[in-house]
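From a predicted model like this one, the values you see are computed outputs, not experimental measurements. Note that the numbering runs from 1 along the sequence shown for the chain.
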Amino acid sequence: MTDTKAWDTYSTQKPERRPTNAAGETTWFNWTQYPDHGPGAEVLGIGPGAAVLDLGCGKGGNLAHCATLGARAVGVDVSLAQLKAAEARWGDVDGMTLRHGDAVQLCAERVEKFDAVYSVFGAAWFTDPDDLLPIIRKRLRPGGVLAFSQRPAIEGCYGCQASYINRSEDEDPLVVKRWDYEPERWMEILTDHGFTAASARVLPAPPGPRKVGTLLVRARG
């Protein structure tokens, strides 16, 4: 599948997570594209014994942190290369499970329930919400948290957009679809799909030359 090839290619381009963050921690949760910036796992409201699902877990850094908090942490990714990298770095973390496959299909096939489902620049950005959100609601326990982050939409560019993942100069870039909406529209979409207490905000970029913030969306099932 093109999507699989695209995300395998992306895996080779994405830098490895640092051994420790600015606080000296070996695991941490990061919603934004900037290091040591923004809220952490408290957005999910989880504690020991919680069940957590990461849709598009990538190389597993956020998932590993959830597991160290005592959660049963399950990560799904369509890229086998990403999952191999996650296993190599975090394979000895107790309570962490990795699954290979499409987020919608895997969620539809399984019956387990979760206290929190999240996506950090992952499947919630690159999947039609009309397909993904109903499946997430079925997997969430009553009152469970859905949270996801991605780059904010460019003004006037809403709905399904194209993202390009570059390869060598002799190859065309690979194309994946993403879904961009303004914060208020995300809240409406979540409400339309039966979620409650929906909120959406753009976290400003930290001081420095880069100005693009991070959209953070949260709701309850």
A.B. asks: Got V175 and S163 here, is their nearest side-chain heavy-atom distance under 4.5 Å?
C.D. replies: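 Heavy-atom side-chain distance check fails, nothing below 4.5 Å.
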A.B. asks: Passes side chain to side chain donor-acceptor pair (under 3.5 Å), W28 versus N62? Steps please.
C.D. replies: CA-CA 6 Å; W28 63 94; N62 289 325; over 6 Å; no
A.B. asks: Is it the case that atom NZ in K113 sees more than 12 heavy atoms from other parts of the structure closer than 6.0 Å?
C.D. replies: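 For K113, atom NZ is crowded (more than 12 foreign heavy atoms under 6.0 Å).
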A.B. asks: Are more than 12 heavy atoms, taken from residues, nucleotides or ligands other than Y158, located less than 6.0 Å from that residue's OH atom?
C.D. replies: yes
A.B. asks: Quick check against the 3.5 Å criterion: does H100 have a side-chain atom that pairs as donor or acceptor with the backbone of V78?
C.D. replies: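 Checked: pair present.
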A.B. asks: Of the non-hydrogen atoms in V145 and L140, which two are nearest, and what is the gap between them?
C.D. replies: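 The pair with the smallest heavy-atom distance is O-CD2, 3.5 Å.
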A.B. asks: Using modelled atom types only, decide if a donor and an acceptor are shared between the side chain of K59 and the backbone of K14 within a distance under 3.5 Å.
C.D. replies: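 Answer holds: yes.
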A.B. asks: Hydrophobic clusters here meaning ILVMFWY residues chained together by side-chain heavy-atom distances under 4.5 Å, can you tell me if L203 and F121 are in one?
C.D. replies: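 Per the 4.5 Å side-chain linkage, L203 and F121 are co-clustered.
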A.B. asks: I need the R185 CZ to D180 CG distance, nearest 0.5 Å.
C.D. replies: 13.5 Å
A.B. asks: Output the distance between atom SG (C160) and atom OH (Y181), rounded to the nearest 0.5 Å.
C.D. replies: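 Answer rounded to 0.5 Å: 8.0 Å.
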A.B. asks: Any side-chain heavy-atom pair from Y10 and Q82 closer than 4.5 angstrom?
C.D. replies: yes
A.B. asks: Judged by atom type as modelled, is there a donor-acceptor pair below 3.5 Å linking the side chain of T9 to the main-chain atoms of K5?
C.D. replies: yes
A.B. asks: The test is side chain to side chain contact (heavy atoms under 4.5 Å, CB included); show your working for I136 and F195 and say whether it passes.
C.D. replies: CA-CA 10 Å; I136 291 176; F195 289 86; 4.2 Å; yes
A.B. asks: Side-chain heavy atoms under 4.5 angstrom apart, residues restricted to Ile, Leu, Val, Met, Phe, Trp, Tyr: same cluster for V104 and V74?
C.D. replies: yes
A.B. asks: Hey, does D3 have a side-chain heavy atom less than 4.5 Å from the side chain of F126?
C.D. replies: no
A.B. asks: Answer whether the closest heavy-atom distance between the side chains of F29 and L44 falls below 4.5 Å.
C.D. replies: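 They are in contact (side-chain heavy atoms under 4.5 Å apart), so the answer is yes.
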A.B. asks: If you apply the rule side chain to side chain contact (heavy atoms under 4.5 Å, CB included), what do you find for L98 with L63, and how did you get there?
C.D. replies: CA-CA 9 Å; L98 300 171; L63 188 70; 3.7 Å; yes
A.B. asks: Would you mind writing out the side-chain donor-acceptor pairs for residues 146-157 within the sub-3.5 Å range, not counting sequence neighbours?
C.D. replies:
unit_1: S149; atom_1: OG; unit_2: W31; atom_2: O; d: 2.7
unit_1: Q150; atom_1: NE2; unit_2: W179; atom_2: O; d: 3.3

A.B. asks: Between A200 and L215, which heavy-atom pair has the shortest distance, and what is it?
C.D. replies: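 Scanning both residues completely, I find the closest heavy atoms to be CB-CD1, 4.4 Å.
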A.B. asks: Ignoring hydrogens and angles, tell me if any N or O in the side chain of Q13 forms a donor-acceptor pair with the backbone of S11 under 3.5 Å.
C.D. replies: no
A.B. asks: Please check if V52 and L216 belong to a single hydrophobic cluster, counting links between Ile, Leu, Val, Met, Phe, Trp and Tyr side chain heavy atoms closer than 4.5 Å.
C.D. replies: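 Yes, it is one cluster - the side chains of V52 and L216 are joined through contacts under 4.5 Å.
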A.B. asks: Write down the atom of G213, the atom of Q33, and the distance for their closest heavy-atom approach.
C.D. replies: O-NE2, 3.3 Å
A.B. asks: Apart from V111 itself, which Ile, Leu, Val, Met, Phe, Trp or Tyr residues share its cluster (side-chain heavy atoms under 4.5 Å, direct or through members)?
C.D. replies: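 For V111, no cluster forms, as it stays isolated from other hydrophobic side chains.
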A.B. asks: Is the closest side-chain donor-acceptor distance between D130 and H193 under 3.5 Å?
C.D. replies: yes
A.B. asks: Got R89 and R17 here, is their nearest side-chain heavy-atom distance under 4.5 Å?
C.D. replies: yes
A.B. asks: Check whether any side-chain heavy atom of P183 sits under 4.5 Å from a side-chain heavy atom of V202, and report yes or no.
C.D. replies: yes
A.B. asks: Just by distance, with hydrogens left out, do S168 and E171 show a side-chain donor and acceptor under 3.5 Å apart?
C.D. replies: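 Yes.
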A.B. asks: Take D128 and K177 through the test side chain to side chain contact (heavy atoms under 4.5 Å, CB included) and record every step on the way to the result.
C.D. replies: CA-CA 9 Å; D128 188 335; K177 295 177 181 179; over 6 Å; no
A.B. asks: Is the closest side-chain donor-acceptor distance between D54 and Y118 under 3.5 Å?
C.D. replies: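 The answer is yes; a qualifying pair exists.
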A.B. asks: What is the distance from atom CD of E188 to atom CD of E182, rounded to the nearest 0.5 Å?
C.D. replies: 9.5 Å
A.B. asks: Go through the steps for R99 and L106 under the test side chain to side chain contact (heavy atoms under 4.5 Å, CB included), then give the verdict.
C.D. replies: CA-CA 9 Å; R99 293 177 181 157; L106 284 177; 4.3 Å; yes
A.B. asks: Which atoms form the tightest heavy-atom contact between A124 and L132, and what is the distance?
C.D. replies: CA-CD2, 3.7 Å
A.B. asks: Check whether more than 12 heavy atoms from other residues, nucleotides or ligands sit under 6.0 Å from atom CZ of R201, and answer yes or no.
C.D. replies: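 Incorrect, the count does not exceed 12.
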A.B. asks: Nearest 0.5 angstrom please: T127 OG1 to L55 CG, how far?
C.D. replies: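 Nearest 0.5 Å value for the OG1-CG distance: 8.0 Å.
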A.B. asks: Please examine the side chains of R18 and P35, heavy atoms only from C-beta on, and report whether any two atoms are closer than 4.5 Å.
C.D. replies: yes
A.B. asks: Do any N or O atoms from the side chain of R141 and from the backbone of F114 form a donor-acceptor pair under 3.5 angstrom?
C.D. replies: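 Absent.
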A.B. asks: Keeping D36 on the side-chain end and A22 on the backbone end, is there a donor-acceptor pair under 3.5 Å?
C.D. replies: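 Side chain of D36 to backbone of A22: a pair is present.
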A.B. asks: Would you say that I165 contacts W7 through its side chain, given a criterion of any heavy-atom pair below 4.5 Å between the two side chains?
C.D. replies: yes
A.B. asks: I need the minimum non-hydrogen distance between R178 and A162, along with the two atoms involved.
C.D. replies: NH1-O, 2.9 Å
A.B. asks: If you group Ile, Leu, Val, Met, Phe, Trp and Tyr by side-chain heavy-atom gaps below 4.5 Å, do V217 and V43 land in one group?
C.D. replies: no
A.B. asks: Testing the basics here: between A64 and V93, what is the closest heavy-atom pair and its distance to 0.1 Å?
C.D. replies: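 Where A64 meets V93 most closely, the heavy atoms are O-CG1, 4.0 Å.
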A.B. asks: Between D115 and A51, is there a donor-acceptor pair closer than 3.5 Å when you use the side chain of the first and the backbone of the second?
C.D. replies: yes
A.B. asks: Is R218 close enough and on-axis enough to W186, meaning under 6.0 Å and within 45°, for cation-pi?
C.D. replies: no
A.B. asks: Between the main-chain N or O of C107 and the side-chain N or O of R139, is there a donor-acceptor pair closer than 3.5 Å?
C.D. replies: yes
A.B. asks: About how many Å separate CG of D92 and CD of E87, when rounded to the nearest 0.5 Å?
C.D. replies: 9.0 Å
A.B. asks: Rounded to the nearest 0.5 Å, what's the gap from CZ on R167 to OG1 on T12? Could you check?
C.D. replies: 11.0 Å
A.B. asks: Establish whether I46 and M96 are linked, either directly or via other cluster members, by ILVMFWY side-chain heavy-atom contacts under 4.5 Å.
C.D. replies: yes
